[in-house]
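Down below is the structure, laid out as structure tokens.
Only this structure's heavy atoms are used, side chains among them; waters, hydrogens and symmetry mates stay out.
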Amino acid sequence: MEKKSVIFLAVLIVVIAILHFIFLKQDELYPVHDEYRSFSASIQYFHALKSDPSDFFKKIRSNVIPPLQRLLPVPFYVLFGENTDVMAGVNFLWVIMLVISTYLLGRKLLTPIYGLIAVIILLGFPGIIGFSRACHHSVALTAVVVLSHYLLISSRFFEDKKYTLFWAIINIIGFLIHPYFIFFVIPGVFFYILNIKRSSPAYRNFFIACLLMIIIPAIWCLAVLIDKPARELFFSYLSRCVQSENLGSQFSKFIYEIKTFLIPYYGVLYLQISTCYYWVGLISILYAFMEIIRFKKKELICIFLWVVISFFILIFHPAVLLPKHTIPLLPGVAILITYAIGKVGEKVNIKFLFILTCSLSIVSFVELKHSKSNPVSNYFIIGKVFPMSKIRNVDEIINIVREKDKAVEIGVVPDNLCDVNPFIIDVIKYACAMKKISSRVQFEDLLSLVDNAMLPSDIIDKSDFIFYIESDFESDFPGYRKEHLLALQDEFKKRLGEFIFIKEITMDYETYRLCKIKIFKRIKR
């Protein structure tokens, strides 16, 4: 049975690879938000490495986000060119790690066939497939989280020195992908520490592992803190986290998030899974809790803490809980579902359960593709599972701002605190960079205005073009950004005479609302 499972797993990986690269060939989406920042940083590392190695290390040190996920595509840019398909394509390496680690974890908990079922369930979560095709760290982080839990369980409460050291190395890799990694491993580690047997080599093994996990990330942190801009950005973020909310506000947020999650509409969105798997997952979590109380299966306790406690930690984190933050929980949910299926499988034919699981995973995609009302039908799911065409009118905007042998500087003036603004900005920045319309394209948006302590007059002074973005969608930004926004709008209205109106363009993007961009060009001085 194990040999057949491994063969099926290998075939599954090949199929995923084919679909992965067919999708990337057809997809015309532009990277936005975190995707754009990841791709932009990766390209900067590549250019710095080609031009000056000392500048390469400076680029790495000046970024507060650990570099590993963004560094991995760099060698492939030499072979295949600089584009998002390369970075998203390299994600497949993380997908292979994720699939194999999930199989090993399911096999360890039950049997090889259930390890295969766990993989199929996991690949039935559109959030996994969606983010595997994006320039984002979520799938890389998820793969390392799963492998960390497998090695943790295999260490037998740190008694096995080999697995304990491998576990420490994988944790270091996880931290160098994103510091969020610690949120997903702390609950299981804490449980294992409490269960270390006395008078065993486990204490020594754990101590050595901790030294490795502290020293190497500390070297990275010190390198970042040496760089003044990165240091200021780090402490700025830290201060916002500390001052974010009092205990009462945190508790209110906790209650709100739990209530929201338990409503299927939002719960499905949070976990990036289909409605069916959402309900099956909740039932499996409750079943696992009952099994823990009755039998105290320690491996199951570790998985349960990974899913439940890590989710609670995310709720209390100062950052807003977003679907992308919960992606590393999905393998744990898949394992718990598999465990519940395994108990049913003791009384039902396993082949029937296997076919049922495969069918359910396929149906989850069909449901998402054809249901516009389903909350999972958003950019990170449908947009990355089923290719969508690129935003209309981007080429038209590029042609308007194209100026021969000149670096174009564009100022962005939103009419409100609109979520779509940074989205549109990222799209235009990426399109300009890929079409190489100038040696340098400088964008100063609302966030740059705040982060760089710029005055509204600075943006107006240096802009060759002004993009005035009108939208009816407003979101809650901190008050200090609203003050800067109003000041920027007032400054532009005062100096409107320095610009000439060129054209108004309406843009839309599937799940985003319509917005109008009024383009103004500076009158030659």
Side-chain angles (χ1 to χ4, degrees), residues 12 16 91-92 94-106 109 114-134 136-150 174 177-178 180-181 183-185 187-188 261 264 266-285 288 300 302-315 321-341 357 360-362 364-365 367-368 374-376 378 380-382 384-385:
L12 191 61
I16 296 169
N91 262 358
F92 181 67
W94 297 112
V95 173
I96 293 175
M97 178 189 288
L98 174 61
V99 167
I100 293 175
S101 300
T102 304
Y103 170 76
L104 292 174
L105 194 55
L109 199 64
Y114 286 109
L116 192 58
I117 288 176
V119 171
I120 293 171
I121 291 173
L122 182 65
L123 295 177
F125 295 156
I128 293 293
I129 296 298
F131 278 96
S132 72
R133 294 164 176 175
H136 198 264
H137 63 262
S138 290
V139 168
L141 195 65
T142 303
V144 179
V145 166
V146 179
L147 187 54
S148 174
H149 280 89
Y150 169 72
I177 292 173
H178 203 288
Y180 273 7
F181 174 80
F183 294 160
F184 303 101
V185 298
F261 176 76
Y266 294 102
V268 168
L269 179 63
Y270 270 160
L271 286 184
Q272 305 278 351
I273 61 180
S274 66
T275 309
C276 180
Y277 270 132
Y278 168 75
W279 286 114
V280 173
L282 281 183
I283 294 171
S284 298
I285 290 172
L300 188 63
C302 184
I303 306 299
F304 180 85
L305 293 175
W306 166 17
V307 174
V308 177
I309 304 302
S310 296
F311 181 74
F312 287 165
I313 292 174
L314 288 176
I315 290 176
L321 180 62
L322 297 173
K324 62 186 177 184
H325 295 153
T326 61
I327 295 298
L329 298 177
L330 293 182
V333 175
I335 293 294
L336 292 180
I337 293 175
T338 303
Y339 183 80
I341 289 175
T357 304
L360 188 59
S361 296
I362 295 171
S364 70
F365 284 102
E367 170 197 353
L368 292 172
N374 193 302
V376 185
N378 57 47
F380 285 112
I381 297 304
I382 295 302
K384 287 297 177 183
V385 174

| Please walk me through it: do V280 and S284 pass side-chain contact (heavy atoms from CB on, under 4.5 Å)? | CA-CA 6 Å; V280 173; S284 298; 4.1 Å; yes

| request: Give the C-alpha distance, both sets of side-chain angles, the deciding distance and a yes or no for side-chain contact (heavy atoms from CB on, under 4.5 Å) between V95 and F92. | output: CA-CA 5 Å; V95 173; F92 181 67; 4.2 Å; yes

| task | Using the side-chain contact (heavy atoms from CB on, under 4.5 Å) rule, take Y180 and H325 through it: C-alpha gap first, then chi angles, then the decisive distance, then the call. | result | CA-CA 8 Å; Y180 273 7; H325 295 153; 3.4 Å; yes

| message | Using the rule given for side-chain contact (heavy atoms from CB on, under 4.5 Å), can you reason through F261 versus L282, listing the C-alpha separation, both sets of side-chain angles and the distance that settles it, and then say yes or no? | response | CA-CA 11 Å; F261 176 76; L282 281 183; 4.0 Å; yes

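Residues I121 and I341 are in side-chain contact: their nearest non-hydrogen atoms beyond the backbone lie under 4.5 Å apart. Between F181 and I177 the shortest side-chain heavy-atom distance does not fall below 4.5 Å. Within the 4.5 Å cutoff, side-chain heavy atoms of L314 are placed close to those of F184. Residues Y103 and V146 fail the side-chain proximity criterion, which asks for heavy atoms closer than 4.5 Å. Annotation: side chain of T275 is in contact with side chain of W279 (closest heavy-atom distance under 4.5 Å). By the 4.5 Å heavy-atom criterion applied to side chains, F183 and S310 are not counted as neighbours. At a threshold of 4.5 Å between non-hydrogen side-chain atoms, the residues L123 and L12 count as touching.
Looking only at distances, no side-chain donor or acceptor of T357 sits under 3.5 Å from a matching main-chain atom of I117. Within the 3.5 Å criterion, the main-chain N or O of V145 finds a donor-acceptor partner in the side chain of H149. A side-chain donor-acceptor contact under 3.5 Å links N91 to the backbone of A134. Formation of a donor-acceptor pair under 3.5 Å by the S148 side chain with backbone atoms of V144 is not found in this model.
One finds the CG atom of L109 at 12.5 Å from the CG atom of L104 (value rounded to the nearest 0.5 Å). Atoms OG1 and CG, from T338 and L105 in turn, are 9.5 Å apart once rounded to the nearest 0.5 Å. The CZ atom of F311 sits 9.5 Å away from atom CD1 of I285, with the distance rounded to the nearest 0.5 Å. In this structure, CG on L122 lies 11.0 Å from CD1 on I273, to the nearest 0.5 angstrom. Here the OG1-CE distance, from T142 to M97, works out to 11.5 Å after rounding to the nearest 0.5 Å. Annotation: the span from C302 atom SG to W306 atom CH2 amounts to 8.5 Å, rounded to 0.5 Å.
The shortest non-hydrogen separation linking L300 to A288 is CD2-O, 4.0 Å. In terms of heavy atoms, Y278 sits closest to P264 at CE2-CA, 3.6 Å. The heavy-atom pair separating V139 from I128 by the smallest distance is CG2-O, 3.7 Å.
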Could you pull out all donor-acceptor pairs under 3.5 Å where a side-chain atom in residues 327-337 meets a protein atom, sequence neighbours excluded?
none

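A centroid separation of 6.0 Å or more is found between the aromatic rings of Y114 and Y339.
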